[in-house]
Amino acid sequence: MSTTLRLFKSCSTAATVSRSRTRSQFETHPAFTNGTSEELASHLNKTFGGILVFPPELATRLLTHASHPASKSVGHNARFAFNGRRILEAYFLMFLHSCPNINSGADYANITSNALNTYTLGEHVGREWGIGKVLKWKSMVDLHMVAKGMDNGNVGLHKVLGTTVEAIIGGVYHQFGATEAHKFFHTHLLPHILLKGTPQGVPDTYHSRAMQLYKSVNGSATLSPSPPLTQ
């Protein structure tokens, strides 16, 4: 079985992110815990420049985790996350194949799994998108254990935020189509996982190609891009 086929058929196992952050940086904002569908849609529309207009019903699904009580009535983002994960893997693999310095013997599956680690997506992309301010979810972490230093409350939070990032990708693909989703990947997500000098995200050797594509897509896309991270 080819490396490409294994990549699309395998489910990546996320590793625990060692970098620590205070829980308050990602805590659900109380004003949005029960935010209306219009408020959730407004957050996504503003975050992504207002060019892609998310319907309120879709925004609610994308920003509601299965752990939240509201998921029983409005639905949750699990199905979109499942699809979004595979869409991300496809777009990232296409990106790798476009890199002129890619090693023909490289382990594509491992590179992709590490770059798109769900915890990494939550910690870095989820933070940039402000998902923690609007996401409807219920933490299962024992805050007393966290306070005593016996548990890392960030781990579960990063996983939930990362899953939501995947769901949003799935939602963009579902609502706006493959072309817009591909542009969205290059302008709004990929720049935020170019974590220079760290073992997380995209390997440094591919950063210049990522930024080249960012500029190219930005020049032809209708999307208002997220600002790239400083190289």
Novice: Looking at OG1 of Thr118 and CZ of Arg85, how far apart are the two atoms once the value is rounded to the nearest 0.5 Å?
Specialist: 4.5 Å
Novice: I need the minimum non-hydrogen distance between Lys159 and Tyr119, along with the two atoms involved.
Specialist: CB-CE2, 3.8 Å
Novice: With ring centroids as reference points, do Phe48 and Phe184 lie under 6.0 angstrom apart?
Specialist: yes
Novice: Tell me, please, which residues at least two apart from Phe80 pass ring pair (Phe, Tyr, Trp, His ring centres under 6.0 Å).
Specialist: His174
Novice: For residues Ile87 and Gly170, report the shortest heavy-atom separation together with the two atoms involved.
Specialist: CD1-CA, 4.3 Å
Novice: Please evaluate residues Glu128 and His192 with respect to the criterion side-chain contact (heavy atoms from CB on, under 4.5 Å), reporting the C-alpha separation (whole Å), side-chain torsions for both, the decisive distance (0.1 Å), and the verdict.
Specialist: CA-CA 8 Å; Glu128 294 294 335; His192 297 311; 3.6 Å; yes
Novice: Let me confirm one number: the CD1-CG distance from Ile168 to Leu52, rounded to the nearest 0.5 Å.
Specialist: 11.5 Å
Novice: Could you measure the distance from the CD atom of Glu166 to the CG atom of Leu161? Nearest 0.5 Å is fine.
Specialist: 11.5 Å
Novice: With heavy-atom distances below 4.5 Å as the criterion, would you say the side chains of His158 and Glu123 are in contact?
Specialist: yes
Novice: Would you find a donor on one side and an acceptor on the other, under 3.5 Å apart, between the side chain of Arg86 and the backbone of Phe82?
Specialist: yes
Novice: Checking Leu88 against Leu121 for the side-chain contact (heavy atoms from CB on, under 4.5 Å) test, could you report, in this order, the C-alpha distance in whole Å, the side-chain angles of both residues, the deciding distance, and whether it holds?
Specialist: CA-CA 11 Å; Leu88 277 178; Leu121 293 178; 4.0 Å; yes
Novice: Without swapping roles, check the side chain of His207 against the backbone of Val202 for a donor-acceptor pair under 3.5 Å.
Specialist: yes
Novice: Test ring-ring contact (aromatic ring centres under 6.0 Å, His included) on Tyr108 and His97 and set out the steps.
Specialist: CA-CA 9 Å; Tyr108 295 136; His97 279 290; 4.9 Å; yes
Novice: So, Ser216 side chain and Gln212 main chain: donor-acceptor pair closer than 3.5 Å or not?
Specialist: no
Novice: Where the side chain of Ser113 meets the backbone of Ala109, is there a donor-acceptor pair that is under 3.5 Å apart?
Specialist: no
Novice: Residues two or more places apart in sequence or in another chain: which of them pass ring pair (Phe, Tyr, Trp, His ring centres under 6.0 Å) with Tyr206?
Specialist: none
Novice: Has Asn114 got a side-chain atom pairing as donor or acceptor with Asn110's backbone, closer than 3.5 angstrom?
Specialist: no
Novice: What's the spacing between Leu190 CG and Arg209 CZ if we round to 0.5 Å?
Specialist: 11.0 Å
Novice: Do the side chain of His124 and the main chain of Gly201 share a donor and acceptor less than 3.5 angstrom apart?
Specialist: no
Novice: Restricting to non-hydrogen atoms, name the atom on Leu62 and the atom on Thr164 that form the minimum distance, rounded to 0.1 Å.
Specialist: O-CG2, 3.5 Å
Novice: Given Glu180 and Lys183, is the salt bridge (Lys or Arg N to Asp or Glu O under 4.0 Å) satisfied, shown in steps?
Specialist: CA-CA 5 Å; Glu180 290 301 317; Lys183 293 176 183 177; 3.5 Å; yes
Novice: So which atom in Thr36 and which in Glu39 form the shortest heavy-atom distance, rounded to 0.1 Å?
Specialist: N-OE1, 2.9 Å
Novice: CG of Asn77 to CG of Leu135: how many Å apart, nearest 0.5 Å?
Specialist: 7.0 Å
Novice: Quick check: is Met211 connected to Met94 through a chain of hydrophobic side chains (ILVMFWY, heavy atoms under 4.5 Å apart)?
Specialist: yes
Novice: Quick check: closest heavy atoms across Lys196 and Asp204, and the distance to 0.1 Å?
Specialist: CA-OD1, 3.5 Å
Novice: Report yes if some heavy atom in the side chain of Lys136 is under 4.5 Å from a heavy atom in the side chain of Leu63; otherwise report no.
Specialist: no
Novice: To the nearest 0.5 Å, tell me how far Arg61 CZ sits from Leu40 CG.
Specialist: 13.5 Å
Novice: So, for Phe176 and Phe54, is the gap between ring centers shorter than 6.0 Å?
Specialist: yes
Novice: Establish, yes or no, whether a centroid distance under 6.0 Å links the rings of His186 and Tyr91.
Specialist: no
Novice: Mind checking side-chain hydrogen bond (donor to acceptor under 3.5 Å, both in side chains) for Ser37 and listing every partner two or more places apart, or none if nothing turns up?
Specialist: Thr60
Novice: Could you report the tightest heavy-atom contact between Ser98 and Leu213, atom names first, then the distance?
Specialist: OG-CD1, 3.8 Å
